[in-house]
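All ligand and atom numbering here is 1-based and tracks the order in the structure.
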Amino acid sequence: MRTGRCLCGAVTYEIAGDLLATAVCHCDHCQRQSGGAFSVNLVVRASQLTVTGDLQTYENRGQNGEVCVRRRFCGSCGSPIVSVMTQPAGIVAVKAGTLDDRSAVAPTVEVWCVDRQPWVELPDMAVSLDRE
Ligand SMILES: [Zn+2]
Ligand SMILES: [Zn+2]
């Protein structure tokens, strides 16, 4: 069982079962939300994630104006906790930096490489995509 929490501790969570993937996302929106160069995401089914505490939601819209990701975060400290995909439905991306034990995090996929900052060098991934 993987466990994690936000910076202030008002929100905690558990992830049951195996990860579908661990994905680095270089997209502009992840850079802005995280304040970093990319996000690291534990991709799981929504049913595997149990959150305790209140999350706020930012509805992130794509270029076509449709909500593509619901970004959920602690309203007290602002830590991003999980992004809920609209496509494919039922899949969520838990922000790996909020895990209690990050020693086993091993990215297998990177996406939105078109937005990767030029100084970022990561180990070769099994899958590397220009776009989501
Ligand atoms: Zn918090
Ligand atoms: Zn992203």
Side-chain angles (χ1 to χ4, degrees):
M1 182 78 77
R2 292 172 174 82
T3 60
R5 65 171 177 83
C6 65
L7 178 59
C8 77
V11 175
T12 60
Y13 65 82
E14 293 180 349
I15 299 171
D18 294 332
L19 306 178
L20 300 175
T22 300
V24 167
C25 185
H26 299 284
C27 85
D28 177 76
H29 292 174
C30 281
Q31 291 188 38
R32 290 182 191 282
Q33 188 198 28
S34 68
F38 51 83
S39 66
V40 185
N41 303 278
L42 309 173
V43 182
V44 296
R45 291 184 177 81
S47 57
Q48 292 175 255
L49 176 68
T50 305
V51 175
T52 303
D54 291 330
L55 289 173
Q56 296 201 24
T57 301
Y58 172 67
E59 295 199 329
N60 199 169
R61 292 172 190 275
Q63 287 182 342
N64 62 3
E66 305 272 311
V67 175
C68 52
V69 181
R70 290 185 170 83
R71 294 180 181 269
R72 309 200 68 199
F73 57 95
C74 173
S76 173
C77 69
S79 301
I81 299 295
V82 60
S83 292
V84 179
M85 309 299 156
T86 54
Q87 289 292 335
I91 299 295
V92 302
V94 180
K95 301 301 173 180
T98 61
L99 280 173
D100 292 325
D101 178 4
R102 296 179 283 266
S103 62
V105 173
T108 53
V109 179
E110 60 179 341
V111 297
W112 281 96
C113 298
V114 66
D115 288 339
R116 177 171 48 203
Q117 292 196 29
W119 54 266
V120 171
E121 289 186 29
L122 297 172
D124 282 343
M125 310 264 176
V127 181
S128 185
L129 301 172
D130 275 345
R131 299 199 176 275
E132 277 175 330

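Using a 4.5 Å heavy-atom cutoff, the side chains of V92 and V44 are in contact. Here the side chains of R72 and V82 are in contact, with some heavy-atom distance below 4.5 Å. Taking 4.5 Å as the limit, every side-chain heavy atom of R5 sits out of range of all side-chain heavy atoms of C74.
The Zn ion (ligand 2) has an N, O or S atom of C25 inside 2.8 Å of it. At least one N, O or S atom of C27 sits under 2.8 Å from the Zn ion (ligand 2).
Within a 6.0 Å sphere centred on CG of D124, other residues, nucleotides and ligands contribute 12 heavy atoms or fewer.
Under the 3.5 Å distance criterion, the side-chain polar atoms of T98 are left unmatched by any main-chain donor or acceptor of C6.
Neighbouring protein atoms of the Zn ion (ligand 1) (N, O or S, distance under 2.8 Å, waters ignored): C6 SG, C8 SG, C74 SG, C77 SG.
Annotation: the span from R116 atom CZ to E110 atom CD amounts to 5.0 Å, rounded to 0.5 Å.
Here R2 pairs with nothing under the salt bridge (charged side-chain N to carboxylate O under 4.0 Å, His left out) rule; sequence neighbours left out.
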